[in-house]
Enquirer: 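I am attaching a structure below and will ask some questions about it afterwards.
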Amino acid sequence: MAKRGGGPRKPPRGAGGAERGAGAGRTGSASRHGGRAQRHGGRAQRPAASAQRSRDAGVAQAPDPAPEGPFRLGAIPGATPGKWIDIWHERMPQVELVLTPVTVADQRRALADGEVDAALVRLPIADDEGLHVIPLYEEVPVVVASKDSHLTAADELDLADLAGEVIIVPRDDVLAVGVPGGIRPSFDPPEDTEQAIATAATGVGIVIVPMSLARLHRRKDAEYRPLRGGPPSPVGLAWPEEGTTPLVETFIGIVRGRTANSSRT
């Protein structure tokens with residue numbers, strides 16, 4: 001009896017299995033935790049990648065720097081670029097547009113010497129070599145006479161209506177109209193169109209000018225009438241071939257009616 005009681009006892013069936021199971025359970029749990037830790041680590045890296053993508057997107061969307069100004073636009077007497085200047089101010093508020101008056105006699109030199117970046121000019125230009133020129137519109141010629149002149153009784157005039165009239169031609173004349181039967185003045189030509197219109201207002205003769213100049217120098221003692229069959233006066237935009245800058249291209253787009261988002265054609 002004592003021999004049976006003193007022999008080693010076998011562990012209960014299943015105890016070792018429980019121990020093995022516990023060990024295996026701990027190992028499996030650690031492995032699973034390790035897997036979760038790795039997955040957590042993977043998620044921890046995602047905000048950094050997202051932040052990098054945001055930074056890259058921010059760099060890609062940065063606007064281009066505005067071209068440096070000012071943009072200097074020359075304009076001959078009578079030109080009316082007001083509409084185009086208003087559009088410029090809307091599209092290019094950061095770039096100043098400087099409007100510079102130029103005479104017809106001086107328009108070519110102002111472009112050649114770089115006094116202006118582009119100019120509204122009377123066409124044709126005698127020497128347009130080295131220039132880009134875009135015709136814009138044509139002006140109607142008008143006859144300016146004294147308010148009391150018999151010519152003002154008509155709504156429009158023909159060249160034949162001017163026979164026997166004294167034709168005043170200023171030194172800055174841009175039309176060079178030949179009037180059959182017209183009379184040459186006995187006095188020296190006025191220095192400019194403004195003086196010529198003032199002279200015509202006294203009743204000593206008439207002057208033929210583009211309509212814009214008649215409006216520019218409008219007087220209470222003078223009136224003007226359109227001249228049928230008279231030569232029109234073309235106006236264009238000109239700029240040096242080597243001076244096609246982004247600012248010049250922007251103004252070209254404006255006068256051609258392109259929208260702010262349209263591409264150049």
Side-chain angles (χ1 to χ4, degrees), residues 73-86 99-110 116 119-126 135-238 255:
L73 177 65
I76 43 94
T80 54
K83 175 182 68 175
W84 298 323
I85 292 176
D86 289 342
L99 187 62
T100 304
V102 296
T103 64
V104 174
D106 209 32
Q107 60 186 10
R108 182 66 178 86
R109 186 203 59 77
V116 294
L120 299 173
V121 298
R122 293 271 175 201
L123 300 178
I125 297 178
L136 297 177
Y137 57 89
E138 291 185 339
E139 289 194 57
V140 174
V142 300
V143 177
V144 183
S146 167
K147 185 178 181 180
D148 299 328
S149 171
H150 68 282
L151 295 175
T152 61
D155 292 332
E156 292 183 328
L157 298 169
D158 292 313
L159 283 173
D161 298 324
L162 307 182
E165 299 290 335
V166 174
I167 311 300
I168 304 169
V169 181
R171 296 187 187 278
D172 64 352
D173 175 55
V174 296
L175 293 178
V177 181
V179 179
I183 301 174
R184 187 170 183 172
S186 59
F187 48 86
D188 292 336
E191 288 298 320
D192 54 35
T193 299
E194 183 177 13
Q195 289 185 14
I197 290 177
T199 303
T202 66
V204 300
I206 62 172
V207 59
I208 304 173
V209 297
M211 183 179 288
S212 68
L213 295 182
R215 289 175 173 173
L216 177 64
H217 303 301
R218 176 168 246 162
R219 301 169 55 96
K220 293 182 179 179
D221 52 358
E223 293 188 10
Y224 64 85
R225 296 291 185 270
L227 178 62
R228 287 191 301 260
S233 179
V235 174
L237 177 68
V255 300

Enquirer: With no hydrogens and no angle check, just 3.5 Å: does a side-chain donor-acceptor pair link Ser233 and Arg122?
Expert: yes
Enquirer: Do Arg218 and Glu223 sit within salt-bridge range, that is, some charged N less than 4.0 Å from a carboxylate O?
Expert: no
Enquirer: Could you pull out the closest heavy-atom pair between Leu120 and Ala79, with the gap in Å?
Expert: CD1-CB, 4.1 Å
Enquirer: If you compare all heavy atoms of Leu123 against all heavy atoms of Val235, which two are closest, and at what distance to 0.1 Å?
Expert: CD1-C, 4.1 Å
Enquirer: So, do Arg225 and Val142 sit near enough that their side-chain heavy atoms are less than 4.5 Å apart?
Expert: no
Enquirer: Assess whether side chain to side chain contact (heavy atoms under 4.5 Å, CB included) is satisfied between Ile167 and Ile206, documenting all intermediate values.
Expert: CA-CA 5 Å; Ile167 311 300; Ile206 62 172; 3.6 Å; yes
Enquirer: Testing the basics here: between Leu99 and Pro81, what is the closest heavy-atom pair and its distance to 0.1 Å?
Expert: CD1-CG, 4.1 Å
Enquirer: Might you point out which heavy atoms bring Ile208 and Pro141 nearest each other, and give the distance in Å?
Expert: CG2-CB, 4.4 Å
Enquirer: Check whether any side-chain heavy atom of Leu151 sits under 4.5 Å from a side-chain heavy atom of Leu157, and report yes or no.
Expert: yes
Enquirer: Taking C-beta and beyond as the side chain, do Leu227 and Leu162 meet within less than 4.5 Å on heavy atoms?
Expert: yes
Enquirer: Determine the minimum heavy-atom distance between Ala200 and Val207, stating which atoms define it.
Expert: CB-CG1, 4.1 Å
Enquirer: Determine, step by step, whether Val204 and Phe187 satisfy the side chain to side chain contact (heavy atoms under 4.5 Å, CB included) criterion, reporting the C-alpha distance in whole Å, the side-chain angles of both residues, the deciding distance to 0.1 Å, and the verdict.
Expert: CA-CA 10 Å; Val204 300; Phe187 48 86; 4.2 Å; yes
Enquirer: Flag the pair Arg109 and Asp106 as a salt bridge only when some basic side-chain nitrogen lies within less than 4.0 angstrom of an acidic carboxylate oxygen.
Expert: yes
Enquirer: Can a donor-acceptor pair be found, under 3.5 Å and without considering hydrogens, that links the side chain of Glu191 to the backbone of Pro170?
Expert: no
Enquirer: Just so I know, are the side chains of Val169 and Pro189 near enough to count as touching, which here means a heavy-atom distance under 4.5 Å?
Expert: no
Enquirer: Step by step, would you call Leu136 with Val255 a side chain to side chain contact (heavy atoms under 4.5 Å, CB included)?
Expert: CA-CA 8 Å; Leu136 297 177; Val255 300; 4.3 Å; yes
Enquirer: Does the side chain of Trp84 come within less than 4.5 Å of Leu73's, by heavy atoms?
Expert: no
Enquirer: Looking only at non-hydrogen atoms, find the nearest pair between Val174 and Pro210 and report the distance.
Expert: CG2-CG, 3.6 Å
Enquirer: What distance separates Thr193 OG1 from Asp173 CG, expressed to the nearest 0.5 Å?
Expert: 7.0 Å
Enquirer: Mind checking whether Leu216 and Pro77 have side chains closer than 4.5 Å, heavy atoms only?
Expert: yes
Enquirer: Using modelled atom types only, decide if a donor and an acceptor are shared between the side chain of Asp192 and the backbone of Gln195 within a distance under 3.5 Å.
Expert: yes
Enquirer: Return the NE2 to CD distance between His150 and Glu165, rounded to the nearest 0.5 Å.
Expert: 4.5 Å
Enquirer: Is the shortest side-chain heavy-atom distance between Ile76 and Val102 below 4.5 Å?
Expert: yes
Enquirer: Inspect the contact between Arg228 and Glu156 and indicate whether a charged nitrogen and a carboxylate oxygen are less than 4.0 angstrom apart.
Expert: yes
Enquirer: Distance from Asp221 atom CG to Thr202 atom OG1, nearest 0.5 Å?
Expert: 8.5 Å
Enquirer: Using a 4.5 Å cut-off on heavy atoms from C-beta on, say whether the side chain of Asp172 contacts that of Thr103.
Expert: no
Enquirer: Rounded to the nearest 0.5 Å, how far apart are CD of Gln107 and CD1 of Ile125?
Expert: 5.0 Å
